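Only one structure is covered here, and it is reproduced in the block below.
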Amino acid sequence: MKREFNLVATAAAGLEAVVGKEIKQLGIPCQVENGKVRFNGDVKTIIETNIWLRAADRIKIVVGEFPAKTFEELFQGVFHLDWETIIPLGSAFPVTKAKCVKSKLHNEPSVQAITKKAIVKKLQHFFHRPESVPLQENGPEYKIEIAIVKDKATVMIDTTGSSLFKRGYRTDKGGAPIKENMAAAIIELSNWFPDKPLIDPTCGSGTFCIEAAMIGMNIAPGFNRSFSFEEWQWVDKKVVQSIRDEAEEKANYDIKLDISGFDIDGRMIEIAKKNALETGLSDVIEFKQMRLQDLKTDKINGVIISNPPYGERLLDDKAVDILYNDMGKTFSPLKTWSKFILTSDEQFEQKFGSLADKKRKLYNGTLKVDLYQYFGQRVKRTEIKR
Ligand code: SAH
């Protein structure tokens, strides 16, 4: 089977650079593009990136790329890729997605059907099977996707399975959870380090706190879930296990963290606690029912991360205005704390009462949101209580 692959890690718009940084931290050179990061690697790279990347959506093998303006070009292009080195005989290989953007070929169901036909023909040809007999497809599954953008086809195989944001710890999620990979990315974009206190005063199901604790303890985000590649014949289960074992060794459960999540809704606190328990972090994070308005602390140099309700989601506009105003008043004494607030409300700064030092456009699902960033005043090292 094939040794070296062209790979991509897909990422939500605005998070590509964060994913790129994570890939580099794994020691893998990469190239950041719109919606994805490209890199090369072997089976081990596929396993490691799936287990370790916090902000990515999926890891895909790029089987090939070629110009495709006609169905004939599409068929030939797909046929000539080396499918036999990836898909063993007997495997299932559904073409699950076809996407056409700004291209002559625009009928997605036809593109999907032709892609399938070309792969079937190639495998029949390579393995000397008669064309009259359909290939058996009852083995492990290789999900194929084709995208034709500006007349260029990219054919990929998904290695991940259900998206990487599904870490496997969510028992319940409440009304408006943030995706785990987006929460991790925001923590990576913040100036939080494991030696600083972190508070999420509107923690809901606890996603920011749990992701921060996992980052702080160097816990691999994929330790608790399975992936599509684990079913594949040419992925050695022993190698997967050794990478999982290595990840377990790299975790630092002894590090002292100061992470708290609060929410006005006691039911959300119960959910957050259950989710933390599922990840083995129940002793690490403090979850408590409390109103944001009651937040007070003597600690310094901390980070507040909050994804408060916004009009579209949970509260009516008037209540949102009052809440954001209260937020401004409650946070303002916390001079040395940095604050990162994620909301779709374009008037957030006026309601909060001060202009952000920096804004970053992101997407929470399909909803455009901004991360409003307020940096805390610098504290001289001698003033930091140890
Ligand atoms: N990031 C969270 C979702 C937050 S939704 C997650 O991943 O699950 C916003 C949360 O703010 C809700 O859980 C809501 O109960 C809480 N909330 C609303 N008003 C609040 C207030 N005044 N004080 C504290 N929490 C509040």
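Just so you know, ligand 1 is whichever comes first in the structure, and atom 1 is the first atom listed for that ligand. What you are looking at is a predicted structure, and each value in this text was computed from that prediction instead of being measured.
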> Which atoms of ligand 1 have any heavy atom of P201 under 4.0 Å away?
Replying inline: 24 (C), 25 (N)

> Which of the atoms in ligand 1, numbered in the order shown and given with their element, are less than 4.0 Å from a heavy-atom of D265?
Replying inline: 15 (O)

> Given T330, I264, I305, which has its nearest heavy atom closest to atom 19 (N) of ligand 1?
Replying inline: I264

>> Would you call the rings of F229 and F227 parallel, tilted or perpendicular, taking 30° and 60° as the class edges?
In response: parallel

>> So for atom NZ, which belongs to K116, do other residues, nucleotides or ligands contribute more than 12 heavy atoms lying within a distance under 6.0 Å?
In response: yes

>> Taking a cutoff of less than 4.0 Å between a non-hydrogen atom of the residue and any ligand atom, is S306 in contact with ligand 1?
In response: no

> For ligand 1, is there an N or O atom under 3.5 Å from any N or O atom of P177?
Replying inline: no

>> Could you see if L342 belongs to whatever hydrophobic cluster contains F165? Use Ile, Leu, Val, Met, Phe, Trp, Tyr and a side-chain cutoff under 4.5 Å.
In response: no

>> Please list, in number order, the atoms of ligand 1 under 4.0 Å from a heavy atom of S205.
In response: 6 (C), 7 (O), 8 (O)

>> Heavy-atom distances under 4.0 Å decide this one: backbone, side chain, both or neither, for L323 against ligand 1?
In response: side chain

>> Within the 4.0 Å heavy-atom shell around R291, which atoms of ligand 1 are there?
In response: 23 (N)

> Relative to F79, does K122 satisfy both conditions: NZ or CZ under 6.0 angstrom from the six-membered ring centre, and within 45 degrees of the ring's axis?
Replying inline: yes

> Can you say whether the rings of Y374 and F352 are parallel (under 30°), tilted (30 to 60°) or perpendicular (over 60°)?
Replying inline: tilted

> Which atoms of ligand 1 have any heavy atom of Q293 under 4.0 Å away?
Replying inline: 22 (N)

